[in-house]
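In what follows, chains carry the letters A, B, and so on, assigned in the order in which the sequence lines appear, proteins first and then strands, with residues in each chain numbered from 1. The structure displayed is predicted, hence computed values, not measured ones.
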2 protein chains.
Amino acid sequence: MRVVVPFDATEPKTRLAPRLDAAERRAFAERMLADVVRAVDASATETEIRVLATADVDPPGDAPAAIDVDDRPLSTVVTDAVDATVGDGDGGEHEALAVVMADLALATPAALDRLFGTPGDVVLAPGLGVGTNALVVRTPGFGADFHGASFLDHRRAAADVGTVETVDSFRLSVDVDEPADLVEAYVHGGDRTRAWLDARFDLAVDGDEGRVSLHRR
Amino acid sequence: MRVVVPFDATEPKTRLAPRLDAAERRAFAERMLADVVRAVDASATETEIRVLATADVDPPGDAPAAIDVDDRPLSTVVTDAVDATVGDGDGGEHEALAVVMADLALATPAALDRLFGTPGDVVLAPGLGVGTNALVVRTPGFGADFHGASFLDHRRAAADVGTVETVDSFRLSVDVDEPADLVEAYVHGGDRTRAWLDARFDLAVDGDEGRVSLHRR
């Protein structure tokens with residue numbers, strides 16, 4: 001299965017600005033990317049991994065991924081990848097394409113295998129906030145639109161071209177792009193992500209409500 | 001399997017106060033409880049369902065659950081339920097006990113069957129914010145502590161008494177107790193929950209970031 005991992009290499013993770021400065025955001029984003037690529041590679045599914053980066057980026061650690069630089073909008077890049085891999089309905093290729101976001105720091109090989117192994121013309125992994133964090137496309141003509149309530153938009157777009165399934169995964173539902181998500185990455189994230197956060201933050205339980213957050217060391 | 005569903009019948013869902021008044025919070029909490037009990041009942045696992053409520057509460061719709069009133073703290077009530085069902089290590093009963101929170105509005109029979117069917121002396125369903133949203137206990141001596149980073153505490157407590165497994169489920173990871181959770185319930189929730197929210201709110205996509213939230217009708 002071809003797996004593309006879109007990565008914002010230009011100004012990654014801007015919504016984490018309340019907790020991380022620009023250099024930290026970039027370093028952290030690259031750790032998450034490396035964990036995601038490693039998790040895909042360690043899945044039981046045979047994969048060919050391509051990072052689709054908006055600008056040149058170093059290969060993610062020791063993970064075996066090709067880097068394609070493409071600075072067009074995410075939805076355009078993904079729709080083109082669908083057309084190029086699955087075909088555009090005009091008798092082209094029909095390999096399956098998976099899209100896995102680069103900030104799914106909690107992704108594990110097992111969670112990804114459930115995604116890759118779920119049958120259906122389009123398989124969606126819902127993200128918190130009505131997003132779409134990962135998907136598999138096996139039928140031509142599917143157009144991606146990652147803006148707004150993309151889970152609902154993708155479900156409709158998928159129903160127009162074939163059968164739609166979802167995969168029920170906490171690990172694929174958390175994309176780390178807001179301060180509140182950092183605690184999920186700290187506890188449940190991949191090795192590189194957790195090590196990077198652990199060097200800078202401690203877990204703290206605040207107040208009577210017992211809410212958990214990260215405090216700077 | 002015995003399934004207990006703890007329910008705060010006294011002052012439910014106080015953290016939803018920014019969006020729902022007290023009467024609404026109670027009505028909404030009861031809808032979620034009914035959806036949870038129905039999902040447990042519709043699972044493929046044979047279950048005996050008991051709602052552990054802090055005060056008297058009407059039976060949740062047409063769902064087949066016994067109501068036990070117990071106003072002690074949640075952790076005490078759950079630990080006692082473990083001792084009474086699984087045994088306290090002194091040669092008592094050894095039936096399995098599942099605990100499923102009453103605000104898991106996204107729970108489906110399939111997600112619950114994955115929880116109930118995962119082998120292990122203790123099986124945890126992690127919740128957002130390092131919580132524990134559901135668990136299965138099959139070995140005596142497990143003490144519950146739902147305050148703070150309960151997923152980490154429960155994982156340690158479970159390792160002290162036996163094998164620990166987790167179930168990777170988005171639907172079991174979202175407990176609806178903060179305003180941001182309402183959008184998850186609106187899109188992915190059970191029938192009663194969605195109908196109640198749909199009568200009062202519309203989904204809106206806000207600003208350039210495309211964040212999704214609920215707006216009052």
Side-chain angles (χ1 to χ4, degrees), chain A residues 14-15 74-75 106-115 124-134 145-153 155 165-175 177-178 180-188 202-214, chain B residues 14-15 74-75 106-115 124-134 145-153 155 165-175 177-178 180-188 202-214:
Chain A
T14 49
R15 283 149 70 188
L74 174 62
S75 300
L106 285 66
T108 55
L112 290 162
D113 276 324
R114 285 206 290 129
L115 168 69
L124 302 173
L128 290 167
V130 204
T132 311
N133 285 355
D145 180 359
F146 284 94
H147 189 80
S150 75
F151 175 74
L152 298 176
D153 295 335
R155 196 166 61 179
E165 300 293 338
T166 57
V167 60
D168 173 28
S169 171
F170 165 59
R171 292 187 166 279
L172 301 181
S173 75
V174 178
D175 52 331
D177 50 20
E178 301 205 25
D181 305 324
L182 289 174
V183 73
E184 312 298 340
Y186 185 94
V187 171
H188 301 286
D202 286 318
L203 199 69
V205 179
D206 308 316
D208 289 345
E209 298 256 330
R211 292 166 75 157
V212 175
S213 63
L214 297 188
Chain B
T14 48
R15 282 150 71 187
L74 173 61
S75 300
L106 285 66
T108 55
L112 290 161
D113 276 324
R114 286 206 290 128
L115 168 68
L124 302 173
L128 289 167
V130 203
T132 311
N133 284 354
D145 179 359
F146 284 93
H147 188 80
S150 75
F151 175 74
L152 297 177
D153 295 335
R155 195 165 62 179
E165 299 293 337
T166 57
V167 60
D168 174 28
S169 170
F170 165 58
R171 291 187 167 280
L172 301 182
S173 75
V174 178
D175 50 330
D177 50 20
E178 301 204 28
D181 305 324
L182 290 174
V183 72
E184 312 298 340
Y186 185 93
V187 170
H188 302 284
D202 286 316
L203 199 68
V205 178
D206 307 316
D208 290 345
E209 299 256 330
R211 292 165 75 157
V212 175
S213 63
L214 297 188

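For the set B/A125, B/A110, B/G129, the entry with the most heavy-atom pairs within less than 4.5 Å of chain A is B/G129. Ranked by heavy-atom pairs shorter than 4.5 Å toward chain B, the options A/T166, A/V183, A/L203, A/V130 are led by A/V130. Taking chain A as the reference chain and counting heavy-atom pairs below 4.5 Å, the highest number among B/A111, B/S150, B/P126, B/S213 is found for B/P126.
For B/V167, no part lies near chain A; criterion is any non-hydrogen pair under 4.5 Å. Neither the backbone nor the side chain of B/F146 comes within contact range of chain A, judged by heavy atoms closer than 4.5 Å. Contacts of A/L106 with chain B are absent, with no heavy-atom separation under 4.5 Å from either backbone or side chain. Only the side chain of B/R211 comes within contact range of chain A, with heavy atoms under 4.5 Å apart.
For B/D168 against A/S169, the heavy-atom pair with the smallest separation is OD2-OG, 2.7 Å. Contact record, B/F151 with A/V187: CD2-CG1, 4.2 Å, taken as the closest heavy-atom pair.
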